[in-house]
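Below is one structure, written out as structure tokens; the observations come after it.
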Amino acid sequence: MRRDPRRGEAGREVTAPSERGAEVGRRIGVGLMYGLWKPRVLGAWKVPATGPVILAVNHSHNIDGPMVIGVAPRPSHFLVKKEAFVGPLDPFMRAVGQLKVDRSTADRTAITQALDVLASGGVLGIFPEGSRGEGDFAALRAGLAYFAVRSGAPIVPVAVLGSTERPGRLTKALPALRSRIDVVFGDPFEAGDGTGRRTRKALDEATERIQKQLTAHLENARRLTGR
């Protein structure tokens, strides 16, 4: 396991998330997602095979993150709200390379870990809307633009469609078993303007560019899948 201590909140050492653990998480996700549902994956070949990448995923259901982790062609490290790291899920999610983030503050530990993933040529997963909603990219937080501009990593838009259409009979919190869920990967794009600027204005402009790209991808994904 690769170790790269960095300084996070209050000067604590931050250990880089494990790439090996993320690959284990991906394999577990493959078994669960294909075993319980019927994913249809489109455009996975568009994800760059090597180098840093940010997956920007719409978010309308709790299953969206695990679904992308399971069907993505590369192991990924998602920024996940700290409230999900409860009980036995806490050590498990850390072991499979996922990143706990406190959404109520500027979580320096999570930021350090996320930047380390990208600096190491890994895949960072982000829900740019910040929390579950309509999943339409209507309101984006500035975090995605910050990571993209700071790292220079391309963004690959990802649309997850169908996860909220049919709730399960026994467990309403999950999609109906064996229902089809579409995951559509889009073309990678650069968020910055090429100048390398990281000013507030530059980040605001990057967020606007990102939102246009993500919205266009979602519309295309809906046309492509008929959803």
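All values below were derived from every heavy atom in this structure, side-chain atoms included, with hydrogens, water molecules and symmetry-related copies excluded.
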(request) Go through the structure and list residues passing salt bridge (charged side-chain N to carboxylate O under 4.0 Å, His left out) with D102, not counting sequence neighbours. (result) K82
(request) Take L118 and I54 through the test side chain to side chain contact (heavy atoms under 4.5 Å, CB included) and record every step on the way to the result. (result) CA-CA 8 Å; L118 297 172; I54 298 174; 3.9 Å; yes
(request) List for me each residue that meets ring-ring contact (aromatic ring centres under 6.0 Å, His included) alongside F185, sequence neighbours excluded, and say none if there are none. (result) none
(request) Check the pair I111, L115 against side chain to side chain contact (heavy atoms under 4.5 Å, CB included), reporting the backbone distance first and the verdict last. (result) CA-CA 6 Å; I111 291 170; L115 289 174; 4.0 Å; yes
(request) Can you establish whether the number of heavy atoms outside R178 located under 6.0 Å from its atom CZ is more than 12? (result) yes
Side chain to side chain, [X] and [Y], heavy atoms closer than 4.5 Å:
{"X": "P175", "Y": "I181", "result": "yes"}
{"X": "R94", "Y": "K100", "result": "yes"}
{"X": "V101", "Y": "V80", "result": "no"}
{"X": "P66", "Y": "L32", "result": "no"}
{"X": "W45", "Y": "P73", "result": "no"}
{"X": "V160", "Y": "H59", "result": "no"}
{"X": "R222", "Y": "N220", "result": "no"}
{"X": "V123", "Y": "V156", "result": "no"}

Under 3.5 Å donor-acceptor, [X] side chain and [Y] backbone:
{"X": "S120", "Y": "V117", "value": "no"}
{"X": "T105", "Y": "D107", "value": "no"}
{"X": "R74", "Y": "P48", "value": "yes"}
{"X": "W37", "Y": "A176", "value": "yes"}
{"X": "Q98", "Y": "V96", "value": "yes"}
{"X": "T215", "Y": "Q211", "value": "yes"}
{"X": "H217", "Y": "K212", "value": "no"}

(request) Indicate whether the side chain of Q113 and that of H77 have a donor and an acceptor atom separated by less than 3.5 Å. (result) no
Heavy-atom closest pair, residues [X] and [Y]:
{"X": "V158", "Y": "V68", "result": "CG1-CG2, 4.1 Å"}
{"X": "P154", "Y": "P188", "result": "CB-CB, 4.2 Å"}
{"X": "P39", "Y": "M67", "result": "CG-SD, 3.8 Å"}
{"X": "G87", "Y": "P91", "result": "O-CD, 3.4 Å"}
{"X": "E83", "Y": "V86", "result": "O-CG1, 3.2 Å"}
{"X": "A206", "Y": "A145", "result": "CB-CB, 4.0 Å"}

When hydrophobic residues are tied together by side-chain contacts of less than 4.5 Å, even through go-betweens, does [X] share a cluster with [Y]?
{"X": "I63", "Y": "V184", "answer": "no"}
{"X": "F189", "Y": "L42", "answer": "no"}
{"X": "F92", "Y": "M33", "answer": "yes"}

Quick one: pull up [atom1] in [X] and [atom2] in [Y] and give me the separation to the nearest 0.5 Å.
{"X": "K201", "Y": "D193", "atom1": "NZ", "atom2": "CG", "value": "10.0 Å"}
{"X": "T109", "Y": "L99", "atom1": "OG1", "atom2": "CG", "value": "11.0 Å"}
{"X": "T207", "Y": "L214", "atom1": "OG1", "atom2": "CG", "value": "10.5 Å"}
{"X": "S163", "Y": "D64", "atom1": "OG", "atom2": "CG", "value": "4.0 Å"}
{"X": "R198", "Y": "Y146", "atom1": "CZ", "atom2": "OH", "value": "7.5 Å"}

Restricting to side chain to side chain contact (heavy atoms under 4.5 Å, CB included), what partner residues turn up for [X], sequence neighbours left out?
{"X": "V30", "answer": "R26, Y34"}
{"X": "R227", "answer": "L161, E165, R180, D182, T225"}
{"X": "L36", "answer": "L177"}

(request) Please list all pairs passing the salt bridge (Lys or Arg N to Asp or Glu O under 4.0 Å) test where one or both residues lie in residues 45-58, with sequence neighbours left out. (result) K46-D187
(request) Mind running side chain to side chain contact (heavy atoms under 4.5 Å, CB included) on L124 and L79 for me, showing each step along the way? (result) CA-CA 8 Å; L124 178 67; L79 283 166; 4.3 Å; yes
(message) Once you measure the plane-to-plane angle for F127 and F78, does it fall in the parallel (<30°), tilted (30-60°) or perpendicular (>60°) bin?
(response) tilted
